[in-house]
Amino acid sequence: MKLKLDLHDIFNKGQEIDRALRGIIDEAIQKKAALVEIIPGKGSGALKKKVIRFLEQKDVKQLYHRIEKDGDNWGRLFVHFRHEAPAGRRGRGR
């Protein structure tokens, strides 16, 4: 499952951006999404930097696996998640 967050409509509203980013991260965890696509847009690059700073906060960074910058479209980021297997499924098949 992949979730998508387009920040074009709220690009100049700092607190709304933080709320939207936190919301999509929380949704990805709840739905066990493997990937979140975040579109800050190209513009000056300031919004993309803000998104990366948000994602690199210690309490946020521990929630996801890694960030990938799109090599074909520098106005897009991917946040990858790893979700643990249910406890009852570990150790089977030995």
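A 4.5 Å side-chain heavy-atom check between W74 and K48 finds at least one atom pair inside the cut-off. Between L77 and D70 there is no side-chain heavy-atom pair separated by less than 4.5 Å. Between L63 and R22 the shortest side-chain heavy-atom distance falls below 4.5 Å. With a 4.5 Å cut-off on side-chain heavy atoms, K69 and I52 count as touching. By the 4.5 Å heavy-atom criterion applied to side chains, E37 and D6 are not counted as neighbours. Side-chain contact check for K61 versus Q57: every heavy-atom pair is 4.5 Å or farther apart. Within the 4.5 Å cutoff, the side chain of K50 has heavy atoms near those of the I17 side chain.
The same ILVMFWY cluster, assembled from side-chain heavy atoms under 4.5 Å apart, contains both L47 and L55. Hydrophobic clustering (ILVMFWY, side-chain heavy atoms < 4.5 Å, transitive): I29 and V60 are in one cluster.
To the nearest 0.5 Å, the span separating NZ on K4 from CZ on R76 amounts to 8.0 Å.
Residues F81 and I25 share a closest heavy-atom pair of CZ-CD1, 3.8 Å. Between Y64 and E56 the shortest heavy-atom distance is OH-N, 4.1 Å. Closest of all the heavy-atom pairs between P40 and V51 is CB-CG2, 4.3 Å. In plain terms, the two heavy atoms of M1 and K31 that are nearest each other are SD-CB, 3.7 Å. Taking every heavy atom of both residues into account, L21 and F54 meet most closely at CB-CE2, 3.5 Å.
Exactly one residue among V79, L5, L7 makes a side-chain contact (heavy atoms from CB on, under 4.5 Å) with I24. That residue is L5.
Heavy atoms of other residues, nucleotides or ligands lying less than 6.0 angstrom from CG of D9 number 12 at most. Residue R82 qualifies as open at atom CZ: its count of foreign heavy atoms under 6.0 Å is 12 or below.
A salt bridge does not link D18 to R53: none of the charged nitrogens lies less than 4.0 Å from a carboxylate oxygen.
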**OP:** Report the C-alpha distance between V36 and K2 in whole Å, list the side-chain angles of each, state the deciding distance to 0.1 Å, and finish with yes or no for side-chain contact (heavy atoms from CB on, under 4.5 Å).
**Re:** CA-CA 6 Å; V36 170; K2 177 176 118 177; over 6 Å; no
